[in-house]
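None of the values given here were measured: they were computed from a predicted structure.
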Amino acid sequence: MASPEIPQKQKAVIYDQPGSVSTKVVEIDVPEPSDGEVLINLTHSGVCHSDLGIMTNTWHALPPTQAGQVGGHEGVGKIVKLGPGTESSGLKIGDRVGIKWVASACGNCLPCQAGTDGLCFNQKISGFYTPGTFQQYALGPANYVTPIPDSLDSADAAPMLCAGVTVYSALKRSNARPGQWVVISGAGGGLGHLAVQLASRGMGLRVIGIDHSSKAELVKASGAEHFVDITQFPKDDKGVALKNHVKGLTDGLGAHAAVVCTAANAAYAQALPLLRFNGTLVCVGIPEHEPQPIATAFPGAFINQHATVTGSAVGNRTEAVETLEFAARGVLKAHHRVEKMDALTEVFQEMSEGRLQGRVVLDLSG
């Protein structure tokens, strides 16, 4: 079953020179859905820092990216064709759905059974060895695409499919309770400003946002109770001044939780001392280039403070739906601008230089 207007060719943005900041708009075939798949006419796709890491091969734990890879993993559009075996999915032509970082999860392995889709043993990642969402038509498993609420604009919905659900899952893993303090490191970035909103407006937490001075207004507007300009603290004192400042904001005890949304190794080195007893550090941003340890992660730091360090890799399908519901109710809204497909290289350059505030969403109409 299909809409009659599906073309044979489409526009897509590829990584034409992996290892460098370079993209190219090309024409490729429109794919055909196979068993259990739907074909989606994408109208918007968010641009994520993870896309930059994949394009530039700066995540050394991953194999090199292939030339010609279609990137992207925050796609929103309407279903235009149903593949065989999708009759029981409840989906129909014209339904608006989203494609996430985890493009598909098997649902059968132990991580999937535990609700940890991001660790699925058989997962496929959108935009990495699987065609992503920087294209006008993409395939998605009928049992894993995410329904988009009718009241939510597609450009507003796109960043929720990775950035939004990722920070929502991370905040849940922090175990912070309403009225408690949480530090958001990288608070003015694509993930960070959404984490500030969710924590302060959706979960009743008291937020301290840490970032560059240029991000101050965005962080405050997102709901942070305090903004900490990281540029005002020395880099050679092992984070002592920053620790003392944060403790001063939190009755001398420190935060109940810290969520590191930035990929900067320095942010991880500074984060653990910001916690009070029984505090939790949640690792979200994936450092690039050569991995560095958390410099303060000595056994005594955990023993003396009963500290917990945990990682959080995106979220599951239920958390994606819940994140979109937050956005539909106006609790969560990405600060974003919309660009055309041919502007993607410039967007990545801006991102790599640390100048990008909030998110960019691509208009895939042409």
Side-chain angles (χ1 to χ4, degrees), residues 46-53 74 155-156 158-160 162-171 174 176 181-203 205-233 235 239 241-242 245-246 249-250 255 257-271 274 281-288 312 323 326-327 331-339 346-361:
V47 183
C48 181
H49 198 277
S50 300
D51 299 317
L52 175 65
E74 293 179 342
D156 289 331
M160 302 303 139
C162 177
V165 66
T166 295
V167 296
Y168 177 48
S169 181
L171 285 164
S174 77
W181 288 102
V182 60
V183 168
I184 307 294
S185 185
L191 274 73
H193 84 291
L194 294 176
V196 173
Q197 291 178 43
L198 269 172
S200 61
R201 300 169 183 169
M203 303 173 78
L205 302 174
R206 303 179 70 181
V207 178
I208 299 171
I210 300 178
D211 213 317
H212 187 274
S213 58
S214 63
K215 311 287 183 72
E217 291 307 312
L218 174 59
V219 175
K220 292 175 184 176
S222 296
E225 191 166 333
H226 299 288
F227 174 76
V228 176
D229 177 3
I230 193 61
T231 66
Q232 298 303 304
F233 294 86
K235 297 180 180 179
L242 178 63
H245 181 72
V246 169
L249 298 174
T250 55
V259 180
V260 179
C261 294
T262 175
N265 282 302
Y268 280 103
Q270 297 161 345
L274 306 182
L281 169 62
V282 186
C283 304
V284 178
I286 302 178
E288 299 174 350
S312 189
T323 300
F326 274 119
V331 173
L332 183 62
K333 183 176 176 61
H335 175 85
H336 71 271
R337 72 175 196 261
V338 178
E339 297 283 359
E346 288 75 16
V347 169
F348 279 136
Q349 288 172 341
E350 188 177 348
M351 186 182 292
S352 67
E353 294 167 5
R355 296 183 289 111
L356 184 63
Q357 294 197 25
R359 304 288 281 188
V360 168
V361 175

Where do Ala158 and Glu74 come nearest, in terms of heavy atoms and distance? O-CB, 3.2 Å

Correct closest heavy-atom pair for Val182 and Ala199 would be CG1-CB, 4.1 Å

Checking Glu225 now: which residues fulfil side-chain hydrogen bond (donor to acceptor under 3.5 Å, both in side chains) with it, not counting sequence neighbours? Arg206

Which heavy-atom pair separates Asp51 from Phe348 by the least distance, and what is that distance? CB-CZ, 3.7 Å

According to side-chain hydrogen bond (donor to acceptor under 3.5 Å, both in side chains), who are the partners of Ser214, at least two apart in sequence or on a separate chain? His212

Less than 4.5 Å apart, any side-chain heavy atom of Ile208 and any of Leu274? no

Which atom of Pro159 lies closest to which atom of Val361, heavy atoms considered: CG-CG2, 3.8 Å

Is Leu218 close to Asp211 at the side-chain level, that is, under 4.5 Å between some pair of heavy atoms? no

Only counting residues at least two apart or in another chain, list the ones meeting ring-ring contact (aromatic ring centres under 6.0 Å, His included) with His245. Phe233

Distance (rounded to the nearest 0.5 Å) between His193 NE2 and Ser222 OG: 5.5 Å

Is Met351 close to Val47 at the side-chain level, that is, under 4.5 Å between some pair of heavy atoms? yes

How many angstroms lie between atom CG of Leu191 and atom CZ of Arg359, to the nearest 0.5 angstrom? 6.0 Å

Between atom NZ of Lys235 and atom CD1 of Ile230, what is the distance when rounded to the nearest 0.5 Å? 9.5 Å

Looking only at heavy atoms, what is the nearest atom pair of His336 and Val338, with distance? CD2-CG2, 4.0 Å

With sequence neighbours left out, the residues meeting side-chain hydrogen bond (donor to acceptor under 3.5 Å, both in side chains) with Thr262 are none

State which residues pass ring-ring contact (aromatic ring centres under 6.0 Å, His included) with Tyr168; sequence neighbours excluded, sorted by chain then number. Phe326

How long is the gap from CD on Gln197 to NE2 on His335, to the nearest 0.5 Å? 10.5 Å

Glu339 meets the side-chain hydrogen bond (donor to acceptor under 3.5 Å, both in side chains) criterion, sequence neighbours left out, with Arg337

Spatial distance of atom CG (Leu332) from atom CG (Leu198) [nearest 0.5 Å]: 4.5 Å

Heavy-atom side-chain proximity of Val259 to Val167 below 4.5 angstrom: no

Looking at CD1 of Ile184 and OG of Ser174, how far apart are the two atoms once the value is rounded to the nearest 0.5 Å? 8.0 Å

How close do Ala163 and Leu194 get, counting heavy atoms only, and between which atoms? CB-CD1, 3.7 Å

